[in-house]
Amino acid sequence: MSSTTKRVDTGSSGLSEEKLAEVIHRLSILYPESEFLISGETINILVHNKESWPEIKQATHDQLLRTKYERDTEGLRHKLYTRLLN
Amino acid sequence: LTDVFPLRFRRFADGSKGDSILFANEVGQFFVSGEPFLERLVCNKLKSSDINYLSKRGMSSKKEGDLNYAAFLSRLAARTRRPGKLSYVILVPTLRCDLACSYCQVSRVAEKAKGFDWTKQRTAQVFEFLDQNCGDNVQIEFQGGEPTLRCDIIAEIMQFCRNRFNSPLFVICTNLSRVSEELKEMAAMDDVLISTSLDGSKVNHQKQRTISEAVTDAFCDNLSAMVEVTNGRVSALPTLDPNDLPDIGDILDIYEKFGMYSIFLRPIFYHGFARKRHPESRELDQKWSKYYKDFVEEIMARNYNRTEDLLEEYYLSLALKKLTRLSENSHVDLRTPNWLGYDHLLIDYDGQLYPSDEARMLARSGQIDLSIGSLDSGIDEEKRASLQGREFNALDPWCSSCVYQSACGSDPIDDLARYGRADVPRPLTAFCQKNMSVFDFAIELLMSEDERVQKSVSYWLSLPSHFDQKDYLL
């Protein structure tokens, strides 16, 4: 089984380093057989099984979208729960 | 300016569905759309047609406090409200049992063992506890051991509850190896249900439980008798070994033969003595998943030409209801928050109180003591509250991103049983993997245009005819 390194640009997501670390953490749990590293605005992914790349690529894209969306709606969610609990 | 109540999304696992993506919010409203909508949502560039669709369905609000906002909060509140009284209590009047099934998930001792039954004093304590803590619609489940070894205690409890509460219901869980006249008399009452185990075919049941042909025949005769006595108020659960699965047709045939049309298909649980004897049950495998779907396919095939006696797989029906009925929140293993110990509790043979049957098993197998008090000392409020830390899946970092969060639940006790800890990332737990698979399957069925599928789904959801999926499409 040959390994390959793939790159995903995160520039358009506008996520902070902290949020990107969160994305990496999640991906590492979902795909423990691959290695994820952040370099600037790029996620480098060491894929050991080439066949799994399309799925990992999609999952990375989705995690970036999800994290961005959750960051942007965090305030509304907090407001709803504050209203609910008070 | 319009606020869309936060959505979660999940791509359909089936690639043939194109780029279909399921979206749902925190109160369980859902719809299906595609990649362009996802991009617009994330980039905050929704079209007016998107906003109209969401607004009409109460999934967005124009300002804080408007009707949609209030309705959303109301739905959220309805699901998170802390219960006032106990609505479900499991009683274990004896730990003795006349069978010794290899994977018995309930702890038990030999039939002749001494010191494992409630004493008169203990039974009086149970009366007092029920009197102080239960609501008028309480459901009492008798577990064991084999509880019918103490029909006298069951009768006393029933009499007490009927006098004390408005509408109590009783479930007697029994292996039906023996049925006394006393049990038949109790079971004939309208407020009593009988629950038993029937592991698929007669051959499989004998192999896993009854061992000898004579005991198996006695069980079948007793099951027939109870179905007759109760006018059909008998349910049974098949517990199956994923490494030795019986023929699907055989299971359905025998359940139909006994007039039971709702089947809760379960793999061997990883609890109690089962844990030691079947270590392979730790992980659900693909074999089970395929078998489960084949089982449902066979049910739908049988249902297609029927007008009555339609079959269902109980857990799939529950998942469908959880997805489509915002008020559905009854099943203890599939709700959030899961108020274990507050509305659901077990009183063991020794007077110890547990938040669930599984918690009792963990204590019996020596893994962890999750008791929340005893009849002698009362409920330990601190211990009970400490269990709630992981019972609300909306606060879990993984579940709070999941499209099925509101329909799903939380089972930290199952996580403790399998992994020895309750903070395992959710996607790695058997609970999450199983429920993701069932919910994915339920959505696939909901969105199916196959008449055969629609007929069964409509029946399971108590809809008058097949419904229009277009309402779920944006």
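Quick note: numbers below take in every heavy atom, side chains included, and nothing from hydrogens, waters or symmetry partners. Bear in mind the structure is a predicted one, so any value in this text is a computation, not a measurement. Residue numbers begin at 1 in each chain, while the letters A, B, ... track the order of the sequences.
Interface check for chain B: of the options A/Ile29, A/Asp62, A/Leu84, the most heavy-atom pairs under 4.5 Å are formed by A/Asp62. Between chain B and the options A/Lys79, A/Arg83, A/Arg26, heavy-atom pairs under 4.5 Å are most frequent for A/Arg26.
For NZ of A/Lys57, the number of neighbouring non-hydrogen atoms (other residues, nucleotides, ligands) closer than 6.0 Å is 12 at most.
Contact check for B/Leu395 versus A/Tyr81: no side-chain heavy atoms found under the 4.5 Å cut-off.
Among the residues in residues 5-25 of chain A, none has a non-hydrogen atom closer than 4.5 angstrom to a non-hydrogen atom of chain B. Within residues 68-78 of chain A, the residues having any heavy atom under 4.5 Å from a heavy atom of chain B are, by residue number, A/Lys68, A/Tyr69, A/Glu70, A/Asp72, A/Thr73, A/Leu76, A/Arg77.
Within the 4.5 angstrom heavy-atom criterion, only side-chain atoms of B/Leu38, from C-beta onward, approach chain A. B/Phe5 touches chain A through backbone and side chain together, each having a heavy atom under 4.5 Å away. Heavy atoms of B/Ser400 lying under 4.5 Å from chain A belong to its backbone as well as its side chain. Heavy-atom distances place both the backbone and the side chain of B/Phe9 under 4.5 Å from chain A. Using a 4.5 Å cut-off between heavy atoms, B/Pro427 contacts chain A through its side chain alone, with no backbone atom that close.
Going from atom NE2 of A/His61 over to atom CZ of B/Arg11 covers 5.5 Å, rounded to the nearest 0.5 Å.
Not a single donor-acceptor pair under 3.5 Å links the side chain of A/Arg66 to the backbone N or O of B/Cys402.
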